[in-house]
Amino acid sequence: MNKNLFASFMIPVVLGIPITTLIIMFPTMLFPTPNRLTNNRVIAIQQWLTKLTSKQLMITHGLKGQTWSLMLTSLFLFIASTNLLGMLPHSFTPTTQLSMNLGMAIPLWAGTVFIGFRNKTKMSLAHLLPLGTPAFLIPMLVMIETISLFIQPLALAVRLTANITAGHLLLHLIGSATLALMGINLPTALITFIILTLLVILEFAVALIQAYVFTLLVSLYLQDNT
């Protein structure tokens with residue numbers, strides 16, 4: 001394994017050219033477009049999962065919110081597939097980069113806020129000032145609510161980055177400990193290997209859960225503004 005803990009989070013470069021764009025585009029190849037009258041099992045399972053995810057995300061939305069169903073479903077599939085591909089050995093996980101996660105969070109958050117101010121201007125402004133606020137607290141509360149509004153995309157990006165990065169670092173540390181213990185104490189190495197296996201299974205679950213949480217929070221922001 002790499003001695004540098006953060007080596008796996010460095011952007012891969014080929015001939016001095018970053019290949020992040022190619023890595024980000026790769027998950028789209030995992031979801032082929034059906035071109036047959038009768039789909040095979042892989043595409044059938046893919047379509048079933050897509051419909052299930054879309055139904056869960058859109059169940060509380062009205063007609064205006066449901067226009068985002070394709071975007072939110074695509075967002076979930078992209079983040080989930082990127083996280084899962086990052087579990088492969090010697091692979092690069094784009095969602096460990098805060099810049100990329102901010103690039104996803106800020107436009108989606110800004111779109112929901114823009115829709116809210118365009119369709120429900122009074123209600124959107126009312127969210128900045130709770131009902132029954134004393135007059136002398138109005139400036140402070142408006143400032144606090146405005147700051148909390150602008151922190152939302154940052155919280156989205158940091159949550160995804162921190163969870164994926166922490167999981168990869170933990171796997172790296174326990175994997176390195178397992179290799180080191182194999183030549184020192186075999187029973188202890190076996191125990192750490194079992195722990196490592198369980199953590200790998202947990203990390204697969206975390207990869208899917210974090211994709212769902214990111215998409216669900218965007219869906220909730222959309223619900224508040226439609």
Steps toward side chain to side chain contact (heavy atoms under 4.5 Å, CB included) verdict (V218, M71): CA-CA 11 Å; V218 174; M71 181 181 295; over 6 Å; no
Verdict with supporting geometry, T178 and T192, side chain to side chain donor-acceptor pair (under 3.5 Å): CA-CA 6 Å; T178 304; T192 55; 3.3 Å; yes
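In the hydrophobic cluster analysis, where Ile, Leu, Val, Met, Phe, Trp and Tyr join through side-chain heavy atoms closer than 4.5 angstrom, I115 is grouped together with L220. No chain of hydrophobic side-chain contacts below 4.5 Å, direct or via other Ile, Leu, Val, Met, Phe, Trp or Tyr residues, connects I144 to I151. L70 and F78 are assigned to two separate hydrophobic clusters, defined by single-linkage of ILVMFWY side chains at heavy-atom distances under 4.5 Å. In this structure, L181 is not a member of the same hydrophobic cluster as L198, with clusters built from ILVMFWY side-chain heavy atoms closer than 4.5 Å. There is no path of hydrophobic side-chain contacts, each under 4.5 Å, that joins V200 to I194.
Inspection of the H168 and T93 side chains reveals an N or O donor paired with an N or O acceptor under 3.5 Å.
Within the structure, ring-ring contact (aromatic ring centres under 6.0 Å, His included) pairs that include any residue of residues 207-226 do not occur (at least two apart or interchain).
Distance CD1/I191 to CG/L196: 13.5 Å, rounded to 0.5 Å. Rounded to the nearest 0.5 Å, atoms OG (S81) and CZ (F76) are 9.5 Å apart.
Checked against side-chain hydrogen bond (donor to acceptor under 3.5 Å, both in side chains), W109 has the following partners two or more places apart in sequence or in another chain: Q152. Not counting sequence neighbours, the partners of L170 by the side-chain contact (heavy atoms from CB on, under 4.5 Å) test are I174, L199. In this structure, the side-chain contact (heavy atoms from CB on, under 4.5 Å) partners of T146, at least two apart in sequence or on a different chain, are L128, V142, F150. Remark: L84 engages F204, A207, L208 in a side-chain contact (heavy atoms from CB on, under 4.5 Å) (not counting sequence neighbours). Looking at residues two or more places apart in sequence or on another chain, you find a side-chain contact (heavy atoms from CB on, under 4.5 Å) between M182 and L179, A189. Every residue two or more places apart in sequence or in another chain was checked for a side-chain hydrogen bond (donor to acceptor under 3.5 Å, both in side chains) with E203, and none qualifies. Annotation: side-chain hydrogen bond (donor to acceptor under 3.5 Å, both in side chains) contacts of S69 (sequence neighbours excluded): none. Checked against side-chain hydrogen bond (donor to acceptor under 3.5 Å, both in side chains), T112 has no partners two or more places apart in sequence or in another chain.
T161 is not listed as a side-chain neighbour of Q97, based on a closest heavy-atom distance of 4.5 Å or more. Contact annotation: the side chain of L156 never approaches that of M104 to less than 4.5 Å [non-hydrogen atoms, C-beta and beyond]. Using a 4.5 Å cut-off on side-chain heavy atoms (C-beta onward), N83 and I79 make contact.
With L108 as reference, L75 is the one residue of T215, L75, L222, L72 to meet the side chain to side chain contact (heavy atoms under 4.5 Å, CB included) rule.
Across every non-hydrogen atom of P153 and L149, the tightest pair is CD-O, 3.9 Å. Shown here for M100 and T95, the closest heavy-atom pair between the two residues is SD-N, 4.3 Å.
Counting non-hydrogen atoms of neighbouring residues, nucleotides and ligands closer than 6.0 angstrom, the CZ atom of F114 reaches no more than 12 such neighbours.
In the hydrophobic clustering (ILVMFWY side chains linked at under 4.5 Å, chained through shared members), L98 is joined by L102, I106, L154, V158.
A donor-acceptor pair under 3.5 Å links the side-chain atoms of N163 to the main chain of R159, judged by distance alone.
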